[in-house]
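In the text below, chain A, chain B and the rest are named by the order of the sequence lines, each starting its count at 1.
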Amino acid sequence: MRLQKPRGTRDFLPDEMERRREIEARMRETVRRFGYREVCTPVFEHLDLFTMKSGEGIIEEMYVFVDKGGRHLTLRPEVTASVVRMFVNEGRNLPKPLRWCYFADCFRYERPQKGRYRQFWQFGIELIGADTAFADAEVVVAADEMLKAAGVTYDLQVGHLAPVKSLIAGLSPDLQRRVMTCLDKRDFGALEESLAGERQGADLVESLTAVAGCRSPDDLFAITGAIPEKDRITEICELLESQKVPYGLNFAIVRGLDYYTGMVFEAFAPNLGAENQILGGGTYRLAHLFGGDDVASCGFAAGFDRIMVSLGEFTTAGRPGAAIVCTPEAGMRGLEVAAAFRAAGIRTETDLMGRSLGAQVTHAAKSADFAVIIGKKECESGLVTLKNLHTGEQRGLALRDAVAEVSGFGDR
RNA sequence: GCCAGGGUGGGGUAGGUGGUUAUCCUAGGGGACUGUGGAUCCCCCGACCCGGGUUCGAAUCUCGGCCCUGGCCCCA
């Protein structure tokens with residue numbers, strides 16, 4: 001093959017696109033019911049948008065380029081930064097809270113592996129301008145409902161950054177970051193090493209290890225004492241329990257960067273291998289970075305492709321289709337009949353290859369549920385012969401009755 | 001950026017200690033066959049990832065690259 005698609009990209013044939021659209025539709029419908037409305041932002045943005053959010057280090061992980069005007073641009077590696085920029089630019093005087101969702105392809109220059117591609121799709125929501133436990137809980141509930149609707153098997157973990165941050169507040173920023181990385185990986189050996197030289201380092205390791213293992217708010221506050229976020233954390237847990245969200249508490253979730261401020265959560269699919277996180281989210285404050293007010297936000301982003309990989313093979317329930325099968329003299333009549341079927345919303349194909357009647361039926365059986373056979377006899381009688389290609393039954397019907405029968409046909 | 005295993009028609013494969021026209025299945029197109037042909041039979045189409053090296057001769061050996069699969073790192 002002379003021309004290959006770029007590394008880490010994929011082509012999708014119609015069968016797969018139907019599966020993807022099916023799952024996408026279920027995810028969209030879930031968040032629609034919560035009031036989240038779709039927004040769309042540019043596929044490429046100024047490089048600064050992402051370096052301001054995530055630091056210079058991400059440049060080598062992005063598709064960056066200079067355009068003909070000398071602008072430093074990049075294909076978006078995620079959508080949250082764009083949505084917040086959009087909010088700062090034109091969302092400030094909309095009634096709060098804002099409930100927005102998006103489904104967008106993103107690009108990262110990374111080594112492809114299972115569930116990781118260079119072009120991939122994210123589905124996410126952002127709830128902007130509400131700073132309450134009810135807001136935090138809504139986003140988690142929406143994520144849970146959405147994954148349920150998609151049909152994946154997943155493990156949902158919810159945490160909060162405050163307990164760990166309160167324990168390590170006395171450390172240098174650099175060491176704080178290292179500690180959080182260790183916690184994220186649950187590498188307690190490395191944690192101990194990092195804190196070895198610190199005053200009361202051993203106590204700190206013990207507290208952090210205990211916090212990471214907490215399974216209830218009560219356990220947590222027994223270790224950390226009454227931190228300011230105590231009521232918020234307790235309330236979030238109560239709300240999630242009252243809404244029967246199947247989650248695990250995990251205060252070792254770190255989610256990388258500084259703009260995460262409070263609740264954080266992640267979902268994993270157990271059948272995915274190394275890249276098994278299918279969703280991540282939390283509360284954050286980003287707008288002030290882009291020149292806006294310091295507005296509280298909460299959201300999640302789901303890895304659509306990983307969800308599709310996790311779901312594996314399945315067939316979608318297609319809508320019925322018809323194939324017009326004609327003898328040569330009935331060609332014109334065939335087009336009329338096709339138009340009538342299409343007017344009723346039925347997918348209808350006609351022969352374009354000049355095939356024999358038999359070959360047309362053969363082809364129809366691969367692509368349709370019904371063959372509508374029209375020859376000399378049908379032209380004279382005004383009827384059509386409707387053949388059910390699943391059962392082989394066929395009979396002569398008035399056109400209107402044939403259309404009605406195909407319309408009423410159930411799942412394939 | 002690193003590690004392991006791979007790359008033969010559209011898909012799946014056989015062969016490969018260097019030597020005729022590269023095997024089989026499937027898909028696709030056509031015919032037998034202008035009223036049922038989703039069948040059967042026949043025919044056609046179509047491949048050794050790319051480049052250098054060794055050689056009389058490379059799909060096979062060798063080096064480099066590209067790509068695929070999985071893992072490490074990273075993961076906004």
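The distance between the ring centers of A:F370 and A:F409 falls below 6.0 angstrom.
Rounded to an integer number of Å, the gap from A:Y63 OH to B:rA76 C1' is 16 Å. When rounded to the nearest whole Å, the span between CG of A:D187 and P of B:rC72 equals 14 Å. Atom CG of A:L13 is separated from atom C1' of B:rG10 by 10 Å (rounded to the nearest Å). Between the C1' atom of B:rG30 and the CG atom of A:L352 lies a distance of 17 Å, rounded to the nearest Å. Separating the NZ atom of A:K366 from the P atom of B:rA27 is a distance of 8 Å, rounded to the nearest angstrom. When the C1' atom of B:rG1 is taken as reference, atom OH of A:Y109 falls 10 Å away, rounded to whole Å. Look at CZ on A:R177: it is 13 Å from P on B:rA76, rounded to the nearest Å. Put simply, CD1 on A:I253 is 16 Å from P on B:rC75, counting in whole angstrom units.
In the interface, the side chain of A:Q113 is not paired with the base of B:rU69 through any donor and acceptor atom under 3.5 Å apart. Between the side chain of A:R10 and the base of B:rC68, no donor-acceptor pair under 3.5 Å is found. A donor and an acceptor atom never sit less than 3.5 Å apart when one is taken from the side chain of A:E275 and the other from the base of B:rG70. A donor and an acceptor atom never sit less than 3.5 Å apart when one is taken from the side chain of A:R355 and the other from the base of B:rG37.
Taking atom C1' in both B:rU23 and B:rG37, one finds a spacing of 31 Å when rounded to whole Å. Between B:rU60 and B:rG18, the distance separating the two P atoms is 11 Å to the nearest Å. B:rU8 and B:rU13 have their P atoms separated by 9 Å, with the value rounded to a whole Å. Distance noted for atom P between B:rG15 and B:rG7: 12 Å (whole Å). Nucleotides B:rC43 and B:rC50 have their C1' atoms positioned 34 Å apart, rounded to a whole Å. Nucleotides B:rC48 and B:rU21, compared at atom C1', are 15 Å apart to the nearest Å. B:rG46 and B:rG9: their P atoms are spaced 14 Å apart (whole Å). Nucleotides B:rU17 and B:rC63 place their P atoms 16 Å apart, quoted to the nearest Å.
With distances taken from any side-chain atom of A:E61 to the nucleotides B:rA76, B:rU34, B:rG30, the minimum falls on B:rA76. Of the candidates B:rU34, B:rG71, B:rA76, B:rG71 carries the atom nearest the A:R111 side chain, counting heavy atoms from C-beta on. Nearest to the side-chain atoms of A:I58 among the listed nucleotides B:rA76, B:rG70, B:rC73 stands B:rA76. Side-chain proximity of A:M62 to B:rC75, B:rA4, B:rA76: nearest is B:rA76. In the set B:rG71, B:rA76, B:rG35, the nucleotide with an atom closest to the side chain of A:K114 is B:rG71. Which of B:rG71, B:rG30, B:rC75 sits closest to the side chain of A:R116 comes down to B:rC75. In this structure, of B:rG28, B:rA76, B:rU36, it is B:rA76 that holds the atom nearest to the side chain of A:Y260. Checking B:rA76, B:rC72, B:rG37 against the side-chain heavy atoms of A:P77 singles out B:rA76 as nearest.
Remark: B:rG1 base-pairs with B:rC72. Criterion, Watson-Crick or G-U wobble with two distances under 3.5 Å. Under the Watson-Crick and G-U wobble criteria, each requiring two contacts below 3.5 Å, nucleotide B:rG51 is paired to B:rC63. Of all nucleotides present, only B:rC44 satisfies the Watson-Crick or G-U wobble test against B:rG28, with each distance under 3.5 Å.
A side-chain N or O of A:E126 and one of A:T80 form a donor-acceptor pair less than 3.5 Å apart.
Look at A:K114 and A:D305 and you find no salt bridge, because none of the NZ, NE, NH1 or NH2 atoms lies under 4.0 Å from a carboxylate O.
When each of A:R28, A:R26, A:R20 is checked for a salt bridge (charged side-chain N to carboxylate O under 4.0 Å, His left out) with A:E24, only A:R28 meets the rule. Considering A:R186, A:E266, A:R215 in turn, A:R186 is the only one that fulfils the side-chain hydrogen bond (donor to acceptor under 3.5 Å, both in side chains) rule with A:N250.
Within 4.0 Å of A:N276, counting heavy atoms only, lies no atom of the nucleic acid at all. No engagement by A:G282 is indicated, since no non-hydrogen atom pair under 4.0 Å with the nucleic acid exists. Across all strands, A:T327 comes closer than 4.0 Å to base atoms (heavy-atom distances). Residue A:G273 is classed as a sugar-phosphate contact, given heavy-atom separations below 4.0 Å to backbone atoms only. Contacts of A:E110 with the nucleic acid, taken as non-hydrogen atoms under 4.0 Å apart, include base atoms. Using a 4.0 Å heavy-atom cutoff across all strands shown, A:Q122 reaches no nucleic acid atom at all. No engagement by A:K5 is indicated, since no non-hydrogen atom pair under 4.0 Å with the nucleic acid exists. Contacts of A:E60 with the nucleic acid, taken as non-hydrogen atoms under 4.0 Å apart, are absent.
In this structure, A:L249 and A:C237 have side chains that are in contact, with non-hydrogen atoms separated by less than 4.5 Å. Under the 4.5 Å side-chain criterion, counting only non-hydrogen atoms from C-beta, A:R19 is in contact with A:E313.
Looking at which nucleotide of RNA chain B each of A:G115 and A:K185 is closest to, the 5′-most match is held by A:G115. When the nearest nucleotides of RNA chain B are assigned to A:A274 and A:Q360 by heavy-atom distance, the more 5′-ward of the two goes with A:Q360.
To the nearest 0.5 angstrom, A:R118 atom CZ is 12.5 Å from A:L75 atom CG.
Relative ring orientation between A:F304 and A:F103 is described as perpendicular, the plane-to-plane angle rising above 60° on a 0-90° scale split at 30° and 60°.
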